> 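Below you'll find the structure I mean.
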Amino acid sequence: MINEDSQKPEIYISSEEIQQAAVRCADAVNHFLEDKSGGVVLVCVLKGAIFFFSDVLKHLSQIKDCELDVCRVKSYENDSSTGRIEVLLDCKAAVEGKHVVLFEDIVDTGLTLDFLRAHFEKRGVASLMVCTLLDKPSRRKVSVDVEFAAITVPDKFLVGYGLDYNQKYRLLNDICVLTNSQ
Ligand code: IMP
Ligand code: MG
């Protein structure tokens with residue numbers, strides 16, 4: 001548990017580095033969609049991926065037949081995974097037979113993504129690409145496929161650019177680590 005009163009956010013990944021990561025991600029998505037025919041659904045995993053999603057969208061080239069959607073799952077309380085995944089809002093788009101690209105803020109234990117992959121595969125997607133801004137592989141509890149991970153990070157709790165600690169710090173432009181200010 002983090003003692004919030006003595007914490008101040010310190011820049012860990014700058015907004016410039018994040019923007020470069022968004023461009024790299026868009027390149028990977030453009031490449032993935034190159035040979036795909038049929039509908040595409042781009043899904044933002046709320047709330048954490050909201051900034052990453054919108055920044056990547058600005059750089060996509062194949063935008064004619066793309067539908068945007070969101071889903072929301074909850075797996076976290078405070079700074080540790082509860083291990084329980086709850087669907088708070090399911091993706092409403094008809095994804096059966098479509099190419100789905102899922103955008104995540106961070107893959108940590110992998111439990112959320114493992115759940116989401118199974119969830120979308122059960123709904124009969126034609127293909128699934130998962131893009132995450134951050135990847136914390138040292139914390140994995142389940143092995144899970146991630147088609148694109150922009151930045152690998154060590155076992156630190158990060159906030160900003162959509163990532164929160166108990167709903168705080170999401171609006172920071174940089175990704176920060178909470179450090180002890182005392
Ligand atoms: P997982 O199921 O453990 O992989 O966790 C996935 C979710 O936990 C992410 O989508 C985040 O919302 C949250 N999370 C994991 N690590 C961090 C972190 O360092 N900062 C903020 N949220 C995190
Ligand atoms: Mg998340």
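Counting starts at 1 for both ligands and their atoms, in listed order. For clarity, every value in this text was computed on a predicted model and none was experimentally measured. Reckoned from all heavy atoms, side chains included, excluding hydrogens, waters and symmetry mates.
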> Would you say Gln167 has more than 12 foreign heavy atoms packed within less than 6.0 Å of its CD?
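Above 12, so yes.
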> May I ask you to establish whether Lys36 and Phe32 are in a cation-pi arrangement, using a distance under 6.0 Å from NZ or CZ to the six-membered ring centre and at most 45° from the ring axis?
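Pair Lys36/Phe32 counts as cation-pi.
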> Should the pair Asp135-Arg140 be classified as a salt bridge under the 4.0 Å nitrogen-to-oxygen rule?
yes
> With a cut-off of 4.0 Å, which atoms of ligand 1 are near a heavy atom of Glu104?
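By the 4.0 Å cutoff, the relevant atoms are 10 (O).
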> Please identify which atoms of ligand 1 are closer than 4.0 Å to at least one heavy atom of Thr109.
1 (P), 2 (O), 3 (O), 4 (O)
> For ligand 1, find out whether one of its N or O atoms is nearer than 3.5 Å to an N or O atom of Val107.
no
> Say whether Gly110 and ligand 1 are in contact under the criterion: heavy-atom distance to a ligand atom below 4.0 Å.
yes
> Would His99 and Val125 count as a side-chain contact (heavy atoms from CB on, under 4.5 Å) here? Give the steps.
CA-CA 6 Å; His99 304 287; Val125 298; over 6 Å; no
> Heavy-atom contact under 4.0 Å between Asp164 and ligand 1?
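Yes, Asp164 has a heavy atom closer than 4.0 Å to ligand 1.
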> Quick one: SG on Cys176 to NZ on Lys8, what's the gap to the nearest 0.5 Å?
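Here the interatomic distance stands at 10.0 Å.
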> May I ask whether Leu163 places a heavy atom under 4.0 Å from ligand 1?
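A heavy atom of Leu163 does come that close to ligand 1.
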> Heavy-atom distances under 4.0 Å decide this one: backbone, side chain, both or neither, for Arg139 against ligand 1?
neither
> For Phe103 and Phe52, take the angle between the two ring planes, folded into 0 to 90°, and tell me which bin it lands in: parallel under 30, tilted 30 to 60, perpendicular over 60.
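Taking Phe52 first and then Phe103, their aromatic rings stand perpendicular (interplane angle over 60°).
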> Looking at Asp69, Val130, Val41, which hits side-chain contact (heavy atoms from CB on, under 4.5 Å) with Val100?
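It is Val41; the other options fail the test.
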> Hey, is Lys136 one of the residues with a heavy atom under 4.0 angstrom from ligand 1?
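It does; at least one heavy atom falls under 4.0 Å.
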> Yes or no: does Ile106 have any heavy atom under 4.0 Å from an atom of ligand 1?
yes
> Would you say Lys156 touches ligand 1, if touching means a heavy atom closer than 4.0 Å?
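So Lys156 counts as touching ligand 1.
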